[in-house]
Amino acid sequence: MKIATQILQEPFDHPTMQALTIFAKERGAQLYLVGGSVRDLLLGRQTTDIDFTLASDAIQFAKAFAIDIGAVAIALEENPPTARVIVKQDDISRTPQISMDFTQFRATSLTDDLRLRDLTINAMAIAFENAQTFTNRSHEHHLSRVIDPCGGMKDLETGLLRFPSKQVVIADPLRLLRIYRFAAQLDFHISQNAIDLVTAYRSMLPNVAAERCRDELMKIFYVKKAYPYLQQMDATGLLTQVVPIRKGARQTWISLETFEESPIPADLDAYRKKINHYLQEELSVEINRRSLIKLCLLLGDNLDGIGERLRFSRKVVQFMECLISGSKKLRNIIPQLTQKQINRFLRTYASDWWGILLYSAASSPIDSAILKQIADTYYEHMLPIYKQGRLITGNDLIQEFHLKEGEQVGDLLKEIEDRQFDGEIRTRKEAFAAVAALIQKHP
């Protein structure tokens, strides 16, 4: 990936940026665009999350600026002092929501602050007044204004990821994971020196908060093709510091690669739009079903303690457990698959049968025609019944047959619903007749 010859202007056309220029000048504050914002600017990547640094009073500056423009300021950290200003989307002018982080120098100077950052490509800064006019300058001129003590621009040009020093890894071992996350997101390669540091300090990773490790790991799974980077992590011994994968489990890598290369089997192509919508739905912040299916494939059905280990929400854990149990159920019924078994399967896994089909197809060979049969059954048979609703209710049974509320009413409703989904009953009249027969048989 090369540094963009045309730097994006859009973030600096935002009215908030113009207001910030005036506010900083009035307060005599020197602001610097820093870190990922500079990286994305140089790469020509769109962003509405902008990072600033200043020498002192970062939280006070952010709060005062938020009051000045009628926005919200949130103090994020005390060390280093950091605050976030969020400007909501304006539907009238159609300006997007913008988020700005203001962080105080972590050292006595900007240059020393940059040397403490995670990667060389994130250790660059631009004076805010210069950043605003980047697109109005020649390519060579604006690059000369980048403050770059660690050689980040050269690494952007060559697509290389490096740590500024060994000390930044020791200071925060999460950076061992982060370097692979950036490799996956940017399609960059990792320097041999950085790989050596990962190998040397991987044992420090369990000392990092599980939530932080989880977030970095799941950002890797979010990438379209994560398995090459996960394999690189596995080769250094880093991956097993985060998740309990079995060493030498070749099939798990094959399954993961299969899913990433072709997540939707050919016979299900007619449902591609529905499937993609299902996969993209988030079950937690930045954790969607696609990513969780990948994680389950990597774990190879071994979910023991994963929820606690990565501090997943109960909703996420339930989804992963559903994939495993549903896949086992599907494999058991496929040899003698009947229409009734398909109906029961779809009703049992009503919200996540798509995930089970896709997980099963990637983890073991399944005739995709069977998968299509199951999907067709849902949309052509089950969905119309769900939309129709129950043919009769508990009140109907109590009034028509003079029954009392209780277990008998529940059992009768379940039996009628089963017959409705199995296609044996289609009308209220048939439902009442079936109930009458059942009561006569079992008074």
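What you see is a predicted model, and the numbers here were worked out from it, not measured in a lab.
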How about Q341 and Q336: does a side-chain donor come under 3.5 Å of a side-chain acceptor? no

Is it the case that the side chains of Y229 and D187 hold a donor-acceptor pair, with the cut-off being a distance below 3.5 Å and no angle test? yes

Should the heavy atoms of other residues, nucleotides or ligands under 6.0 Å from CD of E78 be counted, would the total exceed 12? no

Consider only side-chain N and O atoms of Y227 and Q232, and report whether a donor and an acceptor are under 3.5 Å apart. no

Q104-T53 side chain donor-acceptor pair, cut-off 3.5 Å: no

Gap between atom SG of C296 and atom CZ of F221 - 0.5 Å precision: 9.5 Å

If you measure only the distance, is there a donor-acceptor pair under 3.5 Å linking the side chains of Y359 and D301? yes

Looking at Y378 versus W354, is the centre-to-centre ring distance below 6.0 Å? no

Looking at E415 and R419, is there a salt bridge between them, counting it only when a charged N and a carboxylate O are closer than 4.0 Å? yes

Does E321 have more than 12 heavy atoms from other residues, nucleotides or ligands lying within 6.0 Å of its CD? yes

Ignoring hydrogens and geometry beyond distance, is a side-chain donor-acceptor pair present between N395 and Q399 at under 3.5 Å? no

For the residue pair S291 / N288, report whether a side-chain donor-acceptor contact shorter than 3.5 Å exists. yes

Do S364 and R331 have a side chain donor and acceptor closer than 3.5 Å? yes

Q388 CD: over 12 foreign heavy atoms closer than 6.0 Å: yes

Would you say that more than 12 heavy atoms from the other residues, nucleotides or ligands in this model lie under 6.0 Å from the CD of Q192, or not? yes

Passes side-chain hydrogen bond (donor to acceptor under 3.5 Å, both in side chains), D396 versus T393? Steps please. CA-CA 5 Å; D396 291 332; T393 67; 3.3 Å; yes

Output the distance between atom CG (L217) and atom CZ (R181), rounded to the nearest 0.5 Å. 11.5 Å

I want to check a possible cation-pi pair here: K274 against Y379, using under 6.0 Å from ring centre and within 45° of the ring axis as the test. yes

